Structure formats: structure tokens, C-alpha cells
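Keep in mind that this is a model prediction, so the values were computed, not measured. In what follows, chains are A, B, ... by sequence order, proteins preceding strands, each numbered from 1.
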2 protein chains.
Amino acid sequence: MATGILLFQSITVILYYNNMYEVLFENVSKKIGLTKEEEQLLQTFFIPKKLRKKQYLLQEGDVSKYLAFVEKGMLRSYTVDEKGIEHIAEFAFEGWWMGDQFSFLTGEPSKYNIDALEDSELLLLTKQAEDQMLEKIPKMERFFRLLLQNHLIAIQGRLASSLSNTAEEKYNQLVQACPTIPQRVPQHMLASYLGITPETLSRLRKNISLRK
Amino acid sequence: MATGILLFQSITVILYYNNMYEVLFENVSKKIGLTKEEEQLLQTFFIPKKLRKKQYLLQEGDVSKYLAFVEKGMLRSYTVDEKGIEHIAEFAFEGWWMGDQFSFLTGEPSKYNIDALEDSELLLLTKQAEDQMLEKIPKMERFFRLLLQNHLIAIQGRLASSLSNTAEEKYNQLVQACPTIPQRVPQHMLASYLGITPETLSRLRKNISLRK
DNA sequence: TAATATTCTTGATATAGATCAAGATAAAAT
DNA sequence: ATTTTATCTTGATCTATATCAAGAATATTA
């Protein structure tokens, strides 16, 4: 957070405005360096948006017009099957990206829903803005490549785990790999994310706690 | 394939040499355009390598020094669990890439084995060569970003399928999404890739064929 | 062409996890 | 504060898939 003793109201306002991009800048700087000018330019490509808990960013059947960067709060993406059961694909917290890559890329209607699990502050990037951004700040090409690389590695791990591990092992791996999720997410959503039933997760957690 | 009536032996040789990169060039050109000069430059970063069936490209515990582009043949990556069971993570055919992204990126020992399922011709890219390539041909940054994007979308689909579908549904989706795999890969490896036992796959295929 | 190894099939049984059901907490809304 | 709604727990059953076992078909090698 940008803090300090502020003498003038006008300065307060400017800092407040800048804060909307704080997590983004930190995130980008971690992977590639950006000058102050580039940061100024970068923010012009994003549309700030607040989302109340339970509000949708994307609904099944719509085209995913935005990639969303989470400045604050928490999103989830999920599909709904024929039986009406929700299957959570991903969560996204502060500093994470969310969006249906496929729909965003191809312009086809999305199979996913994305909504807010907490009141959230997002930075939205349209396809057009993305293209312009990559053109004006070619460095960002690299940023997105590294981002995708990490995302891919994470999902590969999840896939491997989902294919060869028991429910309990999957749960333990998740707790280890990303302790934030079990802390902030209701248990039945966690179960959905792991591809198991809430009942199974409840029992499995009980077993773990009994054993120690 | 580059074919034609060849008048001089020397030309034959040159064409033969160029053929080693044919699939790569076609693949890169599909995503980003390359001039003849850029193609010439591009190939300097790769090390051609032939792999006999069953030969390893990478063994568990070693650092993944290369990303491999498959010009010809077929690779698989897999882990071996405590019980000695192989879990196939990915296949790669002509025009696909293979490698342990994580180990390649971080320099940590790999958990994967990669070997050839058929006699194969590869183009290897070291981390150093990759960095140089991205510096000399910045366009390639974009190529790799798009590549990762598609790879991510594919794996997301596989993950979703593995979490919410039955064994039969997973099999059907694979046949639909990538008919090449079931055609070219022994059935028990297909089972491993799908995270089911060979027995289950055998029975499930029988059921499908009985129903029609 | 035999011999050896690999892959695939089929049956019998076991089990992890799903499903159905209902009560217990806990959180939100009025 | 009390009703309503969401979430979690526990028990009784069911089922898809794993496991164990052994023979059949197919490929590979000698």
C-alpha cells in the first residue's frame, strides 16, 4: 500500500487513483522491469471495475470480452453440467488473472461462468486493448509468455494429481501448493474444485484430524 | 515435403538438409510470418537429434536441458509412482513440442521421463539458445506465447474432463479431440494417459462397440 | 518358425468415493 | 432476535473402477 503523511488533498486523490493499479504494477515488475512512463502507459489499457459478491463477470454462452486482473477480492470460474452441478475450474485472488482464454482468443461463446466470491476490484483488458498494449509495450509479450508458462506448470501439476492421486492426496497437495484457497473458500467449493463431493471432503478432513 | 526433379547432386543435399526443419518452419509460419532470412537464422538455434524407439530424451532426476520440437516420430513424457506404475503426462507427434517446462525453466531436477515411442527426429533448443533466439528474433516471443496459450487451453480441457467425466466420456472426448493418439499409441498407454487401468479401457471399448 | 516378450481380453472380487437422506451448525437477511 | 438460507457432518447404501489372476492374441527377436 502507498502510505505516508499527505499534506494536500490533491495528492491524496492521485495516490488513491494509483492504488488501483498497485498490485498489477508489482506483479508485472516482478517478471519484467517497467519504467514509470511505461507504468503510466500500461494503465491506460485497462478498465477498472468493481464487482459485488455473487456478481457475474461472464456467463455461459456469452463471449469472454475481458481478461481480468484481480486487484482485490476473489473470483471463480465454473461450468454447470446437465445435472445442474457446478464444477469449479479455477479461483483467482489478488494478483491473479482470470478469464476464459479460449473464448477470449477465438471469440466463441464461453462454456464458463465467472463470478465474484467476495467484493472485488478488477482491471479489465479487452482483446483490442491487449493487442495495442503488446504493440506499444513489446516487453509485455514476455510478461504474458512467462505468466502462461507458470499457469501451464500449475495446471499440469493439478492434472497429474487429479489423474493419479486419491481424494486425500489431492486435498493435501492443494493445501500445500496453495494454502490460501482452503482458507478463503467454502468447503463445498473446494470439493468441487478437487472434483470430489462435499461429503467425501468432509469425511476425509475428519480422518486427517483424527490421525494427529 | 520439398519434392521436385533435381538436376544436381549438390541441390539434393541442400534440400535434404532443409527438410530437417520443414515441419518447424511450417509450424512457426502458421502463427507468425518469417522471412527466408529469419528462417535461416532460426535454424541456427536448434540442435538436430535422432532418437531410436525406447531411447530417453530425459530421465527422472536429470535437469531438462532441452525443449524438443518433434519433426518426425513420437515422444511421451511420464512419471513413475512408488508402485512402479507409469503415469503418462503427454504425447508429442510431428509438429508438437515436448519438454519439462518446469525443470527447463528453473533448472531443478525433473520428475518426468521422456522417451521415444517411435524412431524420431527432433530439434532441440537449450535455455541459452532460447534466450538468444528471443533476443535476435523478438517475433518468436509471440510464437511461444501463442503456443503456450494453446497448450494451456488443451490442458484445461483435459483437466475439466478428468475431474467431471466418467472413464468412457474421457475416452470419447480424447478420440474426438485428438484421433491421432488412439490410432498411434498402444492401448495400455492410452489408459495411463487417461488415468484409468488397461482393463477398464478394454472393457469400455468393448461396451462401445457392442452398443452400435 | 520357434521362442520370447508385449499387449489385450475376460472373469471374480474388492474398494474408494458417489449418492441419498436427514439432522446440526453457522451465516444472512428480515 | 428470529426466520430463512447456506454450509457442514454423519450414516446407510450403491456403483464405477481398481485389483488380482490367468489365458489369448499379437508383435518382436533369435
Side-chain angles (χ1 to χ4, degrees), chain A residues 52-55 74 76 78 80-88 91 113 115-119 160-175 181-211, chain B residues 52-55 73-74 76 78 80-88 91 115-119 160-175 181-211:
Chain A
R52 283 271 167 72
K53 186 171 175 174
K54 296 201 176 178
Q55 260 190 293
M74 176 178 164
R76 104 241 234 220
Y78 63 98
V80 181
D81 68 19
E82 327 79 53
K83 291 174 191 158
I85 294 167
E86 292 177 358
H87 299 269
I88 296 181
F91 297 106
N113 299 279
D115 63 11
L117 297 179
E118 301 172 0
D119 292 353
S161 176
S162 93
L163 288 175
S164 25
N165 295 334
T166 64
E168 189 174 324
E169 287 165 342
K170 284 190 239 180
Y171 172 74
N172 284 330
Q173 272 181 268
L174 174 63
V175 172
I181 294 180
Q183 277 161 31
R184 277 173 74 176
V185 167
Q187 213 172 284
H188 69 283
M189 289 194 186
L190 234 175
S192 166
Y193 179 78
L194 290 171
I196 62 182
T197 58
E199 294 94 327
T200 297
L201 181 55
S202 172
R203 281 187 255 262
L204 151 188
R205 278 167 49 94
K206 192 185 175 192
N207 287 340
I208 292 174
S209 70
L210 284 178
R211 277 204 300 273
Chain B
R52 282 272 166 71
K53 187 173 176 172
K54 295 201 177 181
Q55 260 190 294
M74 177 177 164
R76 103 240 234 218
Y78 62 99
V80 181
D81 69 18
E82 329 77 53
K83 291 175 193 159
I85 294 167
E86 291 176 0
H87 299 269
I88 296 181
F91 297 106
D115 63 13
L117 297 179
E118 300 172 359
D119 293 352
S161 175
S162 93
L163 289 175
S164 24
N165 295 335
T166 64
E168 189 173 324
E169 287 165 343
K170 284 190 241 181
Y171 172 74
N172 283 330
Q173 273 183 268
L174 174 63
V175 172
I181 294 180
Q183 276 162 33
R184 276 173 75 176
V185 166
Q187 213 172 284
H188 70 283
M189 289 195 187
L190 234 176
S192 165
Y193 179 77
L194 291 171
I196 62 181
T197 58
E199 293 95 327
T200 296
L201 182 55
S202 172
R203 282 187 255 260
L204 150 188
R205 277 166 52 93
K206 192 185 175 193
N207 286 340
I208 292 173
S209 70
L210 285 179
R211 278 205 299 274

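Atom C1' of nucleotide C:dT7 and atom CD of B:Glu86 are separated by 14 Å, given to the nearest angstrom. Distance A:Leu210 CG to D:dT9 C1': 13 Å, rounded to the nearest Å. Atom P of nucleotide D:dG11 and atom CG of A:Asn207 are separated by 11 Å, given to the nearest angstrom. Summarising the geometry, the separation between CZ on B:Arg52 and P on D:dT29 is reported as 12 Å, rounded to the nearest angstrom. Computed from coordinates, the B:Gln187 CD to D:dT26 P distance equals 12 Å when rounded to whole Å. As rounded to whole Å, 6 Å separates atom P of C:dT9 from atom CZ of B:Arg205.
In this structure, CG on A:Leu163 lies 9.0 Å from NE2 on B:His87, to the nearest 0.5 angstrom. To the nearest 0.5 Å, atom CD of residue B:Gln183 and atom CG of residue B:Leu190 are 11.0 Å apart.
Regarding contacts with the backbone of D:dT9, every side-chain N or O of A:Lys206 stays at 4.0 angstrom or more from both OP1 and OP2. An OP1 or OP2 oxygen of D:dA6 is reached within less than 4.0 angstrom by no side-chain nitrogen or oxygen of A:His188.
Remark: B:Glu86 engages B:Arg76 in a salt bridge (Lys or Arg N to Asp or Glu O under 4.0 Å) (not counting sequence neighbours). The ring pair (Phe, Tyr, Trp, His ring centres under 6.0 Å) check on A:Tyr78 picks up nothing, with sequence neighbours excluded. Every residue meeting the side-chain hydrogen bond (donor to acceptor under 3.5 Å, both in side chains) condition with B:Arg205, not counting sequence neighbours, appears here in chain and number order: B:Tyr171, B:Gln187.
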DNA chain C in dot-bracket form (Watson-Crick or G-U pairs under 3.5 Å, [ ] crossing, | inter-strand) is |||||||.||||||||||||||.|||||||
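Among residues at least two apart or in separate chains, salt bridge (charged side-chain N to carboxylate O under 4.0 Å, His left out) pairs with a member in residues 181-194 of chain B are B:Glu94-B:Arg184, B:Glu118-B:Arg184.
Of the possible donor and acceptor atoms, one in the side chain of A:Ser192 sits under 3.5 Å from a partner among the backbone N and O of A:Ile88. B:Asp115 contributes no side-chain N or O that, together with a main-chain N or O of B:Gln55, makes up a donor-acceptor pair within less than 3.5 Å.
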Legend entry - Test side-chain hydrogen bond (donor to acceptor under 3.5 Å, both in side chains) applied to B:Glu168 and B:Asn207, step by step: CA-CA 9 Å; B:Glu168 189 173 324; B:Asn207 286 340; 5.3 Å; no
Its contact letters, B for base, S for sugar-phosphate only and - for none at protein heavy atoms under 4.0 Å, make nucleotides 12-30 of chain C read B----SSBB----------
